[in-house]
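As structure tokens, the structure follows; a few thoughts come after it.
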Amino acid sequence: MVNHPMPEPKKWTARGISALKGEEKIAAITCYDYAAARFVDAAGIPLILVGDSLGMTVLGHKNTLAVTVDNMIHHTAAVVRGTERALVVGDMPFMSYQPGIDLTLVNAGRFLKEAGADAIKVEGGADRAELVAAVVGSGIPVMGHVGLTPQSIKDLGGFKVQGRSPEEAETLVNDAKALEQAGVFAIVLEAIPAGLARRITDSVAVPTIGIGAGPDCDGQILVINDLLGTYDAFTPKFVKQYAQLGEEMKRAFGEYIQDVQDGSFPGPEHCYE
Ligand code: KIV
């Protein structure tokens with residue numbers, strides 16, 4: 001169990017996460033199902049993102065573009081059922097908010113009403129500020145996401161580090177400030193140089209949660225399959241594997257095949273009288 005400097009809240013809120021800036025680093029993770037959510041929650045991780053990365057890690061797509069609101073609601077509801085204390089953030093998928101504010105409000109509302117999520121996340125910077133303000137104004141906490149925004153890969157030309165030129169860096173700092181003004185409770189910084197992430201972190205009063213953005217963000221987030229070693233289609237440079245569960249699964253399946261074939265499973269202890 002993680003020891004938090006403040007009395008541990010019964011259930012994390014978006015405001016509680018915001019208040020961690022400058023107090024303690026935030027360890028966040030993605031999660032997509034009930035069984036894993038129970039372990040994540042029991043470990044004391046305060047923020048779970050049900051990311052649209054599930055399109056790749058769970059559904060086997062090459063990118064996140066095919067993910068639907070129904071996919072997200074289905075998985076977010078499962079994570080909520082497995083969670084008692086972590087804040088659960090549902091990721092708004094491609095084309096669930098880009099067409100306009102009215103559709104955004106309907107879809108954001110579905111995450112809270114149908115899935116029981118605590119907050120939503122949208123990708124984009126200053127261009128999303130009005131939309132974010134409308135969602136926050138309707139009582140739904142919003143997490144921002146700037147830098148590499150995977151829903152724009154067709155425009156960005158692939159999964160590429162962002163903010164390397166002075167102009168791009170300036171735009172990203174202004175994007176983060178615009179999101180803060182619009183009322184987000186935290187901002188994901190994805191795949192940007194560490195120095196720029198530090199500059200953005202120092203420029204806003206809400207926590208920055210980095211993924212491929214260096215050590216000076218207010219928190220870090222990893223995709224659960226990357227952390228556990230269960231997604232081998234692609235491993236970005238910024239990933240640290242804390243376990244090799246994919247290898248462990250292969251070993252267990254091999255042992256099971258062996259046991260079935262040689263008749264040692266099921267044994268007497270697995271049989272009814
Ligand atoms: O979908 C996702 O998993 C994300 C994280 C990479 C932040 O957006």
Side-chain angles (χ1 to χ4, degrees), residues 14 17 26-33 36-37 40 45-69 71-76 78-79 86-98 107-108 111 115 117 119-125 128 132 142-153 156 158-163 172 175-176 179 184-192 197 200-201 206-214 217-228 230-231 233-241:
I17 295 291
I26 301 163
I29 194 169
T30 73
C31 188
Y32 319 104
D33 67 274
V40 169
I45 289 184
L47 191 158
I48 295 177
L49 171 67
V50 187
D52 65 351
S53 50
L54 72 81
M56 299 164 77
T57 59
V58 177
L59 304 178
H61 296 296
K62 291 222 165 355
N63 54 51
T64 60
L65 301 184
V67 176
T68 66
V69 175
N71 291 154
M72 292 305 306
I73 298 287
H74 182 76
H75 286 271
T76 304
V79 169
L87 186 89
V88 179
V89 182
D91 208 1
M92 295 274 280
F94 184 52
M95 282 301 147
S96 67
Y97 58 96
Q98 288 88 345
N107 285 326
F111 275 88
I120 59 115
K121 174 170 85 60
V122 294
E123 296 181 2
R128 300 276 176 245
V132 166
V142 178
M143 183 154 82
H145 182 161
V146 300
L148 172 55
T149 46
Q151 291 174 19
S152 306
I153 50 159
L156 300 175
F159 294 100
K160 294 180 179 161
V161 176
Q162 301 296 303
L172 287 175
D175 281 341
L179 289 172
V184 296
F185 71 89
I187 306 172
V188 171
L189 305 182
E190 179 165 356
I192 62 173
I200 294 174
T201 300
V206 292
T208 56
I209 312 287
I211 176 162
C217 299
D218 298 303
Q220 299 290 328
I221 186 163
L222 280 175
V223 168
I224 190 168
N225 304 75
D226 289 337
L227 186 153
L228 296 177
T230 57
Y231 182 74
F234 171 63
T235 306
K237 172 184 164 76
F238 57 73
V239 166
K240 177 170 177 184
Q241 266 189 12

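Predicted model, so just to flag it, every value in this text is computed and none were measured. As the structure lists them, so they are numbered: ligands from 1, and atoms in each ligand from 1. Worth knowing before you read on, the calculation uses all heavy atoms, side chains too, and leaves out hydrogens, waters and symmetry mates.
Applying the salt bridge (Lys or Arg N to Asp or Glu O under 4.0 Å) test to D175 and every residue at least two apart in sequence or in another chain returns nothing.
In this structure, ligand 1 sits under 4.0 Å from heavy atoms belonging to T30, L49, G51, D52, S53, D91, K121, H145, V188, E190, I211.
By the 4.5 Å heavy-atom criterion applied to side chains, Y231 and V239 are not counted as neighbours.
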Identify every side-chain donor-acceptor pair in residues 145-153 under 3.5 Å, counting partners at least two apart or on other chains, and give the distances.
unit_1: H145; atom_1: ND1; unit_2: K121; atom_2: NZ; d: 2.6
unit_1: H145; atom_1: NE2; unit_2: L148; atom_2: O; d: 3.2
unit_1: H145; atom_1: NE2; unit_2: E190; atom_2: OE1; d: 2.9
unit_1: Q151; atom_1: OE1; unit_2: Y97; atom_2: OH; d: 2.8
unit_1: Q151; atom_1: OE1; unit_2: Q98; atom_2: NE2; d: 2.9
unit_1: Q151; atom_1: NE2; unit_2: D52; atom_2: OD2; d: 2.8
unit_1: Q151; atom_1: NE2; unit_2: M92; atom_2: O; d: 3.0

Enumerate, atom names and distances included, each donor-acceptor pair closer than 3.5 Å involving a side-chain atom of residues 53-67, sequence neighbours excluded.
unit_1: S53; atom_1: OG; unit_2: Y32; atom_2: OH; d: 2.7
unit_1: T57; atom_1: OG1; unit_2: S53; atom_2: O; d: 3.2
unit_1: N63; atom_1: OD1; unit_2: L65; atom_2: N; d: 3.0

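Of the options T76, N71, V69, a side-chain contact (heavy atoms from CB on, under 4.5 Å) to I73 is made by V69 and by none of the others. When each of V184, N107, V142 is paired with V122, the side-chain contact (heavy atoms from CB on, under 4.5 Å) condition holds for V142 and for no other.
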